[in-house]
Amino acid sequence: MQNQHGSSHDSHGASHSGGGHDGHERPQDDPRESLWYRCYIPEIIRGLKVTMKHILFRPRFTVKYPEEKYNCPGFEGSAPGYHGEHRLKKDEQGRIKCVACLMCQTVCPAKCIEIEGGEDEKGAKYPVKFEINMLRCIYCGFCEEACPKDAIELTTKYYQVSTSREEKIYGKERLLNN
Amino acid sequence: MKTQLKKADGLEPRPMVINLGPSHPSMHNTLRVIAELDGEIIRKADLEIGYLHCGFEKIAESKTYHQFIAFTDRMGYTSALCNNIGYVLAVEKLLGIDVPERCKWIRVILAELARLSDHVMSIGLMAMDIGAFTVMLYGFIERELIYDVFEASTGGRMTMSYPRIGGLVKDVPKDFGERVLKFADRVDPFCSEVEELLENNRIWNERTRGVGVIPREEAVNWGITGPLLRAFGVNYDIRKVNPYLTYDQIDFEVPLRPEGDVFARYKVKMAEMRQSARILRQAVEKMPKSGPINIDDHGIILPPKDGMKGSIESLIHHFKLIIDGIKIPAGESYFCTETPNGELGFYIVSDGGRHPVRMRVRPPTFYNLQPFPRMVEGGFISDSIAVMASLNIAAGELDR
Amino acid sequence: MSTLEIIVTCIKVLAVFTALQMAVPVLVIMERRGVSFIQDRVGPDRCGPFGLLQPFADAAKLVFKEDITPRHVDKLLYFLAPAFCLIVPTVAFAVVPFGSGIRIGDFTLSFQIADFRVGVLYLLAILSMSSFGVVCAGWAQNNKYGTLSALRGVAQSVSYEIAMCLAVVAVVMSTNSDSGVSSTAMSTIVADQGGTYLGFFPKWNVFTQPIAFFIFLAAMYAETNRTPFDFVECEQELVAGYMTEYGSMKFSMLFMGEYIAMALQSALLVTFFLGGWTLPWVDLGDGSIAGGIASVIVFLVKWFAVAWLYIWVRWTLPRLRYDKLMDLGWKALVPLALINIVATAFVGVWLRS
């Protein structure tokens, strides 16, 4: 199948001379002369056999969503490293890891992250407001890459459903618990 | 064939003008064809594009080189990785750097998978527009399986933003090769099945043969590239003509057909899928099993996170890279790659700043679409649908 | 006609009409589940057991939708067209024999509403009106896609009706009418196909008239506007063709009309070529209750098989181009049907002499 096109090119190329609606040279595999082809039915039956094979022998590809959840082959659920919704991480003492350095906000191509930094009583920086607009987010993962503190990461959640636009603007609490 | 009507009673015969699109079932994107009909025959066709114009080229002027990677996904969404890789290679050319061997092979594999995912869908949609709806869904099953490979290795299913300037985000998982080979084995059965359904069927042949033909010189002059041009019998494949990545080390053929009609386009795409599977097998075999995937220059690629926490130097690199972006020397470069639809080129002009001064994208589908009126004029409405399907337009790329 | 006969006929009309209305959801669910299996999908399986109630849910949805009449339509035709589409194939069912009959005393309950002596002619006359619905709908909605669809529809049915009629003529010619019954009566055509040749080979017309069978098959797809001949409503070209501007109940009537036409054509194929309600090796026409019920079941099984063929073919084949369809109709099917008639005549004369 593959060879006949690749190797036969040069002869075609040389003989072909443009001008007008040409291009009706018939390559070797043209079936159009045979009676078999001309009477439609044998090839139709061949096609019908293919579709019947699908009914009888092929597994159904559908995932019946609410009951079954999709699994990436070889994994439970989505593959590790899948770009899902964000999560803010906490350190061992339960404090938010983010230091409001605005790296993620800078690198975000969709400009969906909004951070307001503040200082606590000891002078440590932390985000007063950390908001991600999930409707703007394009899930590229640049923020995770840019974070010097490993404070933000993408979860592997496939299903991200909500019923209103307001719900999709995630605040700090929502992101910490994601 | 011209309708002969008498000018009587003030009734002048005039052609019926019909709008195919901007929202029409077979204008897969928001395209509009204004067709002047004489009965069922299209006398004159006019194209109107721009319904999906997003200004990607202009956006590039305000984004860092790194940030724009995510935008290239959205241009050619049916083969996002090909676009990613094309862009990254263009910037690397401007920088004058060469990525490690392993990175190149991974990029080749991913680009071929993306090509396959585009071709299965374009064949399916072509069949659907010609009435064989089932073939489309068979194609979609294969595409889903390719996306599984993508998900396991890059983290994204449709838009991956996986390559980086100077390397990749992360290394591929250990079983990457097996997954790719497992898919490569599915290509041939899929192709044979589609062939059984369509290839010798007289209905399919009558719908596709001799449809949408223009002279070969004209096709070249319009700037058509990719499988479409190869269906006109012109041996032009950038992977062969100007090998990039490691395509020069791979043994594959460029399928060609002389006719230039819709049938030839279908045949070329089918043969190309088999060639892609061949490339995949070779690439998995030849790919270095270990080794670096990123260049060793932290002025270009982000340093690994573990090292960064220990050394202040890495941290400075990290901050500088994110805030200032990559320092690209002033100059300009054009680099083109072979995407499933043809030649995708990025022309980047840099003045040494953090953004490009000007970025020009040469989208394959924009050039492929231009001769559409020539291809359909004088044909039936049904033919125009078949031709449109065979062009495989991705409007993100077309309108940019 | 006695009072009893009138009452029985009325009951039969009601029964057949109801059965036809119910055939639509059956065909719809068969098509939707069938196609999903062809495409490795599951299909609608949420409404009722195995999704069997899905068509009813769809129907309910359509009924409760707002019934919009666009301002630019031709009101009269716009309202008439759906009714036309629905009524024509329903009326044609009057002559289709769907079972043998049960004899109770000296009263015979035949499973056929009306057994005309010219049943075939009646049928062809009604069928030729089926394109009116499409034309009315396409024209009335004042939409370019609809107009194109109407034009295609009428051209298609004109050219295919001829081939179809000629195929049926060959069947009528080969039907044995020696015993004085009319060979154009549907019941005669069916009864003639009962029994076997040489004790085992079915006397079905599909074997004696194979060319007519294939012509009828092709014309049947064209008549009902199904793939590979669905130019009238091909989504990729004409959006929804003559249904573009219809919604709500009127759309569902067009839709039902289409499926009833499909049911009718399947029934006709069974009647003309596959032996109707007869079984080759068993005589079901003896008038017993068991035989009568069995004959209806046989008919239904055959009918389902042909209806499945409709669905199966639709989701396998690409669509032909409009001009190629005309080519096929006028240049292949009509001459072939004529040759077939002449050949049938010669063979008939030769067999008799």
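Bear in mind the structure is a predicted one, so any value in this text is a computation, not a measurement. The figures here come from the full heavy-atom set of this structure, side chains too, leaving out hydrogens, waters and symmetry mates. All chains are named by letter (A, B, ...) in the order of the sequence lines, taking the proteins before the strands, and each is independently numbered beginning at 1.
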Do Thr134(B) and Thr316(C) pass the side-chain contact (heavy atoms from CB on, under 4.5 Å) test, and can you show the C-alpha distance, the side-chain angles, and the key distance before you say yes or no? CA-CA 6 Å; Thr134(B) 303; Thr316(C) 302; 5.9 Å; no
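- Each of Ala386(B), Gly131(B), Ser384(B) has some count of heavy-atom pairs under 4.5 Å with chain C, and the biggest count is that of Gly131(B).
- Atom CE in Met136(B) sits 7.5 Å away from atom CD in Gln39(C) (nearest 0.5 Å).
- Atoms CZ and CH2, from Phe133(B) and Trp315(C) in turn, are 6.0 Å apart once rounded to the nearest 0.5 Å.
- Most heavy-atom pairs under 4.5 Å with chain C, from the set Leu198(B), Leu20(B), Asn201(B): that is Leu20(B).
- With a 4.5 angstrom heavy-atom cutoff, Glu206(B) touches chain C via backbone and side-chain atoms both.
- Separation of atoms CG (Leu148(C)) and CE (Met16(B)) is listed at 3.5 Å; rounding is to 0.5 Å.
- Of the possible donor and acceptor atoms, one in the side chain of Lys144(C) sits under 3.5 Å from a partner among the backbone N and O of Val17(B).
- Asp40(C) is listed as a side-chain neighbour of Ile141(B), based on a closest heavy-atom distance under 4.5 Å.
- In this structure, Phe251(C) places its CZ atom where more than 12 heavy-atom neighbours from other residues, nucleotides or ligands lie under 6.0 Å away.
- The aromatic rings of His24(B) and Tyr145(C) sit tilted relative to each other, their planes meeting at an angle between 30° and 60°.
- Although no hydrogens or angles enter the test, the distance criterion places no donor-acceptor pair under 3.5 Å between the side chain of Ser382(B) and the main chain of Arg321(C).
- Each of Val35(C), Leu328(C), Leu320(C) has some count of heavy-atom pairs under 4.5 Å with chain B, and the biggest count is that of Leu320(C).
- A distance of 8.0 Å separates CZ in Arg202(B) from NZ in Lys324(C), rounded to the nearest 0.5 Å.
- Enclosure of atom CH2 in Trp139(C) is not indicated, since only 12 or fewer non-hydrogen atoms of other residues, nucleotides or ligands lie within 6.0 angstrom.
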Could you check Tyr138(B) against Ile38(C) for side-chain contact (heavy atoms from CB on, under 4.5 Å), going step by step and ending with a plain yes or no? CA-CA 10 Å; Tyr138(B) 293 168; Ile38(C) 284 176; 3.9 Å; yes
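- The line from CD1 of Ile18(B) to CG of Asn143(C) is 8.0 Å long, rounded to the nearest 0.5 Å.
- Residue Ile203(B) touches chain C through both its backbone and its side chain, counting heavy-atom pairs closer than 4.5 Å.
- For Ile130(B), the parts lying near chain C are the backbone and the side chain together; criterion is any non-hydrogen pair under 4.5 Å.
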Apply side-chain contact (heavy atoms from CB on, under 4.5 Å) to Leu137(B) and Arg41(C), showing your working. CA-CA 9 Å; Leu137(B) 284 155; Arg41(C) 297 189 283 121; 4.0 Å; yes
Kindly list each side-chain donor-acceptor pair under 3.5 angstrom involving residues 387-396 of chain B, sequence neighbours excluded, with atom names and distances?
| unit_1 | atom_1 | unit_2 | atom_2 | d |
| --- | --- | --- | --- | --- |
| Ser390(B) | OG | Arg265(B) | NH1 | 2.8 |
| Ser390(B) | OG | Val387(B) | O | 2.7 |
| Asn392(B) | ND2 | Asp118(B) | OD1 | 2.8 |
| Asn392(B) | ND2 | Asn341(B) | OD1 | 3.0 |

